Amino acid sequence: MPTVLSRKRQSRRSNRRPAAQTAVRRFRSKAAARRFVWDRLAKEGLAAFPFPPQGRIPNFVGAREAAERLFEIEPWKSAKRIKVNPDAPQRPVRELALRLGITVFIPTPRLRGGFKKLDPARIPAERIREAAGLSSGAAWAEDVALENLPHMDAIVCGSVAVTKGGKRCGKGEGYSDLEYAILRELGHPPVPVGTTVHDSQIVGDFPRDLADLPLSMIVTPSRTLRVRKPFPAPAGLDWTRLTEEQLQAMPLLRKLKKGG
C-alpha cells in the first residue's frame, strides 16, 4: 500500500477510542433514523466540525481512518475515476484519492452547477489538501459537461444513517440518489457504491425507496462491512418524482429531459 495511506496508520488506530456500538433500533421512517443518529453523534461527542451535525451529512471522529480503510478495498484501491460527494466527512476520501492518482468527480451542491473534475495530474502535491476542500478546491476544479462524464470505477457517498443490509438515508433531499440515477440515465453501467460513516451511524432498519442508490460497502473507522446482496440499481431517472421546481433549479436535468 502506498506510503500516503500507511504512514502512522497503526499508531492512529491503536490510539483511537473504542468504536461505538451499532444501534439495533428499527425505525418506521428515515426521518426518525436521521434524528436518532444526529442526536447520538452530538450527545456522545462523535461529531466533528462543522457543527451541529443536525441537518447535514455529519462529519465524524475518525473520518480519515475510514477513508484509509476504503482505499484498501477493491475497486477503490485500483480505481482510476471515482465520484465523491462534496460533504465534509468525505474530504479525506477526496484527498487520499488524489494522492493515489485517482481523478475525482464531484457534484456541485444541489447539482446547480453540474459536475466538477479534480485531475491529480494538474494539482501539486502540496496543494492536494486544499484541492480536496469544497470551497478551497474551486481553483483546481474543472467543469465537466454531462456528455463528457466518463464511466466511473466506483462511487463514494455520504450518509446520515445506514444498515448492514445496504440501506442508506442522507439528509433527506435525495441528491446522492439523483446523481446516481443521472449516471444511469446517461447509459453508465452500475458500479459499486461505498460510504464512510461512524459506527454509531449504523442502525437496525428503516424503510427504503426504490429510487435509493444501492450501497455495496460500508466503511467505518474500525471496520469494513461488505453488503452481501446489494439492492438493484435504478435504471435511470424516475421523472415522475421530479418537481418543476427541481427542473428549474438544475439545468442539467432539463437538458437530460430534452434528450441531450
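Quick caveat, the model's predicted, so the values are computed rather than measured.
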Review point. What pair of heavy atoms forms the shortest contact from Ser216 to Trp76, and how long is it?
Key: OG-CH2, 4.3 Å
Exercise for review: Please confirm whether the backbone N or O of Leu247 pairs with a side-chain atom of Arg254, one donor and one acceptor, at under 3.5 Å?
Suggested key: yes
Check your understanding: What's the verdict on salt bridge (charged side-chain N to carboxylate O under 4.0 Å, His left out) for Arg69 and Glu65, showing C-alpha distance, side-chain angles and the deciding distance?
Key -> CA-CA 6 Å; Arg69 284 183 178 276; Glu65 287 85 346; over 6 Å; no
Practice item. With sequence neighbours excluded, tell me which residues meet side-chain hydrogen bond (donor to acceptor under 3.5 Å, both in side chains) with Thr163. Key: none
Practice item. Please collect all salt bridge (Lys or Arg N to Asp or Glu O under 4.0 Å) contacts where either partner lies in residues 131-145, sequence neighbours excluded, each pair once. Key: Lys116-Asp143, Arg122-Glu142
**Study point:** Test item: side-chain donor near acceptor, Ser222 and Asp199, under 3.5 Å
**Key:** yes
Exercise for review: Taking all heavy atoms of Leu96 and all of Ala67, pick out the closest pair and write down the distance.
Suggested key: CD1-CB, 3.7 Å
**Study point:** Side chain to side chain, Glu173 and Arg110, heavy atoms closer than 4.5 Å
**Key:** yes
**Study point:** Partners passing salt bridge (charged side-chain N to carboxylate O under 4.0 Å, His left out) against Glu244 (at least two apart in sequence or in another chain)
**Key:** none
**Study point:** Set of ring-ring contact (aromatic ring centres under 6.0 Å, His included) partners for Phe36, sequence neighbours left out
**Key:** Phe27
Revision key, fill the gap. Taking every heavy atom of Phe206 against every heavy atom of Cys169, the minimum-distance pair comes out as CZ-N, 3.8 Å
Exercise for review: Mind listing the closest non-hydrogen atom pair of Cys157 and Leu213 along with its distance?
Suggested key: SG-CD1, 4.1 Å
Review point. Does the salt bridge (charged side-chain N to carboxylate O under 4.0 Å, His left out) test come out yes or no for Glu185 and Lys257, once each step is laid out?
Key: CA-CA 10 Å; Glu185 189 77 19; Lys257 192 170 185 180; over 6 Å; no
Point to revise | Asp212: salt bridge (charged side-chain N to carboxylate O under 4.0 Å, His left out) partners, not counting sequence neighbours | key: Lys30
Check your understanding: Excluding sequence neighbours, so at least two apart, what forms salt bridge (charged side-chain N to carboxylate O under 4.0 Å, His left out) with Arg25?
Key -> none
Practice item. State plainly whether the residues Arg56 and Asp87 are in salt-bridge range, i.e. N to O under 4.0 Å. Key: no
**Study point:** Side chain to side chain, Met152 and Leu149, heavy atoms closer than 4.5 Å
**Key:** yes
Review point. For the hydrophobic clusters of this structure (ILVMFWY residues joined by side-chain heavy atoms under 4.5 Å, transitively), does one cluster hold both Met217 and Ile82?
Key: yes
Exercise for review: Give every residue pair that meets the ring-ring contact (aromatic ring centres under 6.0 Å, His included) criterion with at least one member in residues 220-257, sequence neighbours excluded.
Suggested key: none
Check your understanding: How far does CD1 of Ile102 sit from CG of Asp119, to the nearest 0.5 angstrom?
Key -> 12.5 Å
Name the atoms and distances for all side-chain donor-acceptor pairs under 3.5 Å in residues 132-139, with sequence neighbours left out.
from	atom 1	to	atom 2	distance (Å)
Ser136	OG	Glu130	O	2.6

Review point. Got a sec, which pairs hit ring-ring contact (aromatic ring centres under 6.0 Å, His included) with one end in residues 121-156, sequence neighbours left out?
Key: His151-His188
Check your understanding: Do you know the tightest heavy-atom contact between Lys164 and Val227?
Key -> O-CG2, 4.0 Å
Revision key, fill the gap. Taken in chain and number order and not counting sequence neighbours, the residues that satisfy side chain to side chain contact (heavy atoms under 4.5 Å, CB included) with Ala233 are Tyr180, Arg184, Pro190, Pro214
Check your understanding: Without hydrogens or angle criteria, can the side chains of Glu44 and Ser200 be said to hold a donor-acceptor pair below 3.5 Å?
Key -> no
Review point. Who passes salt bridge (charged side-chain N to carboxylate O under 4.0 Å, His left out) against Glu179, sequence neighbours left out?
Key: Lys83
Point to revise | Contacts of Asp177 that satisfy side-chain hydrogen bond (donor to acceptor under 3.5 Å, both in side chains) - sequence neighbours left out | key: none
Practice item. Decide whether Ser159 and Arg168 meet the rule of one side-chain donor and one side-chain acceptor closer than 3.5 Å. Key: yes
Review point. Does one hydrophobic cluster hold both Phe51 and Trp38, with members joined at side-chain heavy-atom distances below 4.5 Å?
Key: no
Exercise for review: Return the minimal non-hydrogen interatomic distance between Pro120 and Leu118, and the atom names on each side.
Suggested key: CD-O, 3.5 Å
